[in-house]
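For ligands, and for the atoms within them, numbers begin at 1 and follow the listed sequence.
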Amino acid sequence: MKRRTFVACAAAACLSIATAPVLAQAKWDLPTAYPISNFHTENIQQFAKDVDAATGGKLKITVHPNASLFKAPEIKRAVQSGQAQAGEILLANFANENPIYGLDGVPFVASSYAESRRLYDAQKSALVKLMASQNIKLLFSVPWAPQGLFSKKEIASGADLRAIKWRAYSPATARIAELVDAQPVQIQQAELSAAMATGVIEAYMSSASTGLDTKTYESLKNFYDLQAWIPKNAVMVNMKAFSALDAATQAAVTKAAEEAETRGWALAQKKNAEYKQTLIERGMKINAPSPKLVTDMRKVGVTMQGEWLKSAGAEGVAIMDAYKASK
Ligand code: PCA
């Protein structure tokens, strides 16, 4: 086989093989932090299949779910440095690097899917630019669901959260805990089940999807549908890995990414309704939050919106203005 390749290479075609920067077949690893059954993961698996089909197998993307290759906070750096060619991150996890990453994690800026979409449109060009400055290219971004409160005990007001052992997944969710005097512990989803089972965690804010993924109903029985914010995941690729593809393969990736984004937004909404129903069937009490709890959490939101604007400066003000003007 080797010999035949060598003989073929002696022909004229060999020259173009030697000079063109085109790879016969590329392989990308794509680590994610969420389980295989999660709708984000399902969407990404479909993206990988679509790319495979559209490129006739020239680009093979292997999805590594459930933090099996890198833990959630490590995935971004792995893609930046090229340890993984591609990866999925929760944007809000990186708010300490740049407030632009944290905007969709600020309570009560955007809490319906329609608002979340408008916020994405307003923030997208800044996000793309910021990522490009870090050697990464944004492929697509898909929302989670409006965030509510899971809790062991019943919660009727912000004061009921005082001293509670609170799971945070991002700087913003840790800041909420500070503002309501809870005790924050940073825990990513892959470790959450164990943290609840051992009593390390009594409450957290997230979505029905995560409630189901982590079997929260076995430990915490109350869910208050606060619809406080909608964080997004982003699938991205190392800039050099993308540039190394030929033009047709790049175009196939871009097209599949656009389709994955559209499909993901629809899937997120459809699945959220199903997940909430399943949670109820598994013993979760899903309640509308009391007016007092809503007022208290909105106050937290106002404080955090002010903090965000301050930290994000003129660029942040411009994004917020564009978002508000898009109504
Ligand atoms: N689930 C993820 C982030 C947001 C969400 O809904 C989590 O709880 O880790």
Got a sec, which residues hit side-chain hydrogen bond (donor to acceptor under 3.5 Å, both in side chains) with Glu97, two or more places apart in sequence or on another chain?
-> Lys76, Gln134
Nearest non-hydrogen protein atom, atom 5 (C) of ligand 1 | Ser206 OG, 3.1 Å
Cationic tip of Lys271 above Phe39 ring, under 6.0 Å, 45° of axis = no
Between Ser207 and ligand 1, is there a nitrogen or oxygen pair with a distance under 3.5 Å?
-> yes
Is there a nitrogen or oxygen of Arg167 sitting under 3.5 Å from a nitrogen or oxygen of ligand 1?
-> yes
Any idea which part of Gln147 is under 4.0 Å from ligand 1, heavy-atom wise: side chain, backbone, both or neither?
-> side chain
Crowded around Lys27 NZ? As in, over 12 foreign heavy atoms under 6.0 Å?
-> no
Side chain to side chain contact (heavy atoms under 4.5 Å, CB included) partners of Gln277, counting only residues at least two apart = Ile280, Glu281
Under 4.0 Å from a heavy atom of Pro231: give me the atoms of ligand 1 that qualify, with their elements.
-> 4 (C)
Run the numbers for me: atoms of ligand 1, each under 4.0 Å from some heavy atom of Thr210, listed by number.
-> 1 (N), 2 (C), 5 (C), 6 (O), 7 (C), 8 (O)
Using only heavy-atom distances, determine whether the side chains of Thr249 and Asp246 contain a donor-acceptor pair under 3.5 Å.
-> yes
